[in-house]
Amino acid sequence: MAELADRRPPMGRPRTPGVDEAVIRATIRRFIEDGYTGMSLAKVAADAGTTRPSVYLRWPTKQALVVAAVRSTLTQEDELVPENLLELQPKKRLLRLLRHLRPSEDHQHRTLYATLLAESRRIPELLDLINEELVEPRTRAISTLLESMKERGEIRAGVNTEHAATMLYGVRFVDSLRPRPGTADPDRESVELLWPAIAAQP
């Protein structure tokens, strides 16, 4: 009997490889096209090539699915600080980091950012995700660089690095929502405007 018990198949249906990723992609697409209220798990499941019960098995509510999909999309896997940064002059170092940290500006991501801001009134957790996964890690990276510049005497000792970092990345994030016409290099423009106010006196 023990041998027969050992041969019994495991309970439950095994997950099909790739379904989670397909559902995440379909969720983001439906969230952008239909909004939170208009999207349905039935359409998400159909787009992902699976069934609604299969989606519910993984995410018990529509809100849980949207939050998981947004978190997966916003999570930055690359290093936030580029290599060989310290080899550059101070102002070029700041510009190099700012360019490295720019949010993705392809059409889908730009529309996603706008949709998140619009839908955050219905789901406040979405605004938290923007801060946790996109804004805070990048402003912290800029602030850390500015603090190291302060220790080296490259910028003024009284500079509020957190405020400066928020200004720099804030402009970059807004530009990712709606690019400014006629501005070929917004990152350079931001650094050129701010640098005289923070640079150490010669």
Side-chain angles (χ1 to χ4, degrees), residues 15 19-45 47-48 50 52 54-82 94 97-148 159-180 186-187 190 194:
R15 291 189 175 185
V19 169
D20 288 16
E21 183 179 350
V23 171
I24 291 296
R25 290 198 305 267
T27 299
I28 293 297
R29 183 167 58 252
R30 283 294 174 183
F31 180 66
I32 290 174
E33 293 178 0
D34 304 335
Y36 180 77
T37 302
M39 68 178 291
S40 71
L41 293 188
K43 291 180 179 178
V44 169
D47 289 353
T50 187
R52 188 166 58 176
S54 180
V55 174
Y56 274 120
L57 180 65
R58 293 162 168 81
W59 299 277
T61 65
K62 181 167 74 170
Q63 179 169 330
L65 173 58
V66 169
V67 169
V70 170
R71 183 182 297 278
S72 175
T73 303
L74 292 183
T75 297
Q76 176 72 37
E77 296 180 354
D78 298 333
E79 292 293 332
L80 289 179
V81 179
L94 181 58
L97 177 63
L98 192 60
R99 285 174 172 164
H100 183 73
L101 296 176
R102 68 177 56 178
S104 176
E105 295 180 1
D106 62 72
H107 177 72
Q108 184 184 48
H109 278 83
R110 185 177 294 135
T111 308
L112 174 60
Y113 301 148
T115 306
L116 285 171
L117 293 174
E119 297 290 354
S120 63
R121 291 183 300 173
R122 295 184 179 88
I123 313 176
E125 191 174 354
L126 294 178
L127 191 58
D128 294 336
L129 281 177
I130 295 175
N131 288 325
E132 293 171 8
E133 302 292 343
L134 193 66
V135 176
E136 289 182 2
R138 288 157 180 78
T139 54
R140 187 164 55 247
I142 297 171
S143 178
T144 299
L145 176 63
L146 292 174
E147 281 294 326
S148 70
V159 172
N160 184 327
T161 56
E162 291 185 6
H163 187 67
T166 300
M167 291 173 61
L168 287 168
Y169 191 74
V171 171
R172 163 45 57 202
F173 182 71
V174 171
D175 281 348
S176 72
L177 297 174
R178 49 138 191 86
R180 289 176 287 169
D187 295 319
S190 294
L194 183 64

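For the pair Arg30 (side chain) and Gly35 (backbone), a donor-acceptor distance under 3.5 Å is absent. Looking at Ser148, its side chain does come within 3.5 Å of a backbone N or O of Leu145 through a donor-acceptor pair. Remark: the backbone N or O of Leu168 is not paired with any side-chain donor or acceptor of Arg172 at under 3.5 angstrom. When atom types are taken as modelled, the side chain of Ser72 and the backbone of Ala68 share no donor-acceptor pair closer than 3.5 angstrom. Put simply, the side chain of Glu119 gets close to the backbone of Tyr36: a donor and an acceptor are under 3.5 Å apart.
A side-chain donor from one of Arg122 and Thr37 sits under 3.5 Å from a side-chain acceptor of the other. Between Ser54 and Arg58, the side chains place a donor N or O and an acceptor N or O closer than 3.5 Å (distance only, hydrogens not considered).
Rounded to the nearest 0.5 angstrom, Glu147 CD and Glu162 CD are separated by 8.0 Å. The distance from atom CG of Leu94 to atom CZ of Arg99, rounded to the nearest 0.5 Å, is 11.0 Å. To the nearest 0.5 angstrom, Arg71 atom CZ is 12.5 Å from Leu134 atom CG. Annotation: the span from Thr27 atom OG1 to Lys43 atom NZ amounts to 13.5 Å, rounded to 0.5 Å. A distance of 8.0 Å separates CD of Glu125 from CD of Glu132, quoted to the nearest 0.5 Å. Once rounded to the nearest 0.5 Å, the distance linking CG of Asp34 with CZ of Arg29 reads 10.5 Å.
By the salt bridge (charged side-chain N to carboxylate O under 4.0 Å, His left out) test, Arg52 pairs with no residue at all, sequence neighbours left out.
For Glu136, the CD atom is densely surrounded, since the number of other residues' heavy atoms within 6.0 Å is greater than 12. Residue Glu33 places its CD atom among more than 12 non-hydrogen atoms of other residues, nucleotides or ligands, all under 6.0 Å distant.
Of all heavy-atom pairs between Arg121 and Pro124, the closest is O-CD, 4.5 Å. Shortest non-hydrogen contact noted between Thr73 and Leu112 is CG2-CD2, 3.7 Å. Closest heavy-atom contact between Leu117 and Ser120: O-OG, 2.8 Å. A pairwise comparison of heavy atoms in Met39 and Lys62 identifies O-NZ, 3.1 Å as the closest pair. When all heavy atoms of Ala141 and Leu97 are compared, the pair lying nearest together is O-CD2, 3.7 Å. What you find for Ala165 and Ser143 is that their closest heavy atoms are CB-N, 3.6 Å.
Paired with Val23 under the rule side-chain contact (heavy atoms from CB on, under 4.5 Å), one option of Val55, Asp47, Ile28 passes, and it is Val55. Residue Leu129 is tested with Val70, Ile123, Val66 for a side-chain contact (heavy atoms from CB on, under 4.5 Å); the sole match is Val70.
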*Can you list the steps and then say if Trp59 with Ile24 is a side chain to side chain contact (heavy atoms under 4.5 Å, CB included)?*
CA-CA 11 Å; Trp59 299 277; Ile24 291 296; 4.0 Å; yes

*Verdict with reasoning, Thr61 to Leu65, per side chain to side chain contact (heavy atoms under 4.5 Å, CB included)*: CA-CA 6 Å; Thr61 65; Leu65 173 58; over 6 Å; no

_side chain to side chain contact (heavy atoms under 4.5 Å, CB included) evaluation trace for Met167 with Val171_ = CA-CA 6 Å; Met167 291 173 61; Val171 171; 5.9 Å; no

*List the steps and the verdict of side chain to side chain contact (heavy atoms under 4.5 Å, CB included) for Leu116 and Leu127.*
CA-CA 7 Å; Leu116 285 171; Leu127 191 58; over 6 Å; no

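Phe31 has its side chain out of reach of Val44: every pair of non-hydrogen atoms, C-beta onward, lies at least 4.5 Å apart. Side-chain contact between Phe173 and Ile130 is present, with heavy atoms from C-beta onward closer than 4.5 Å.
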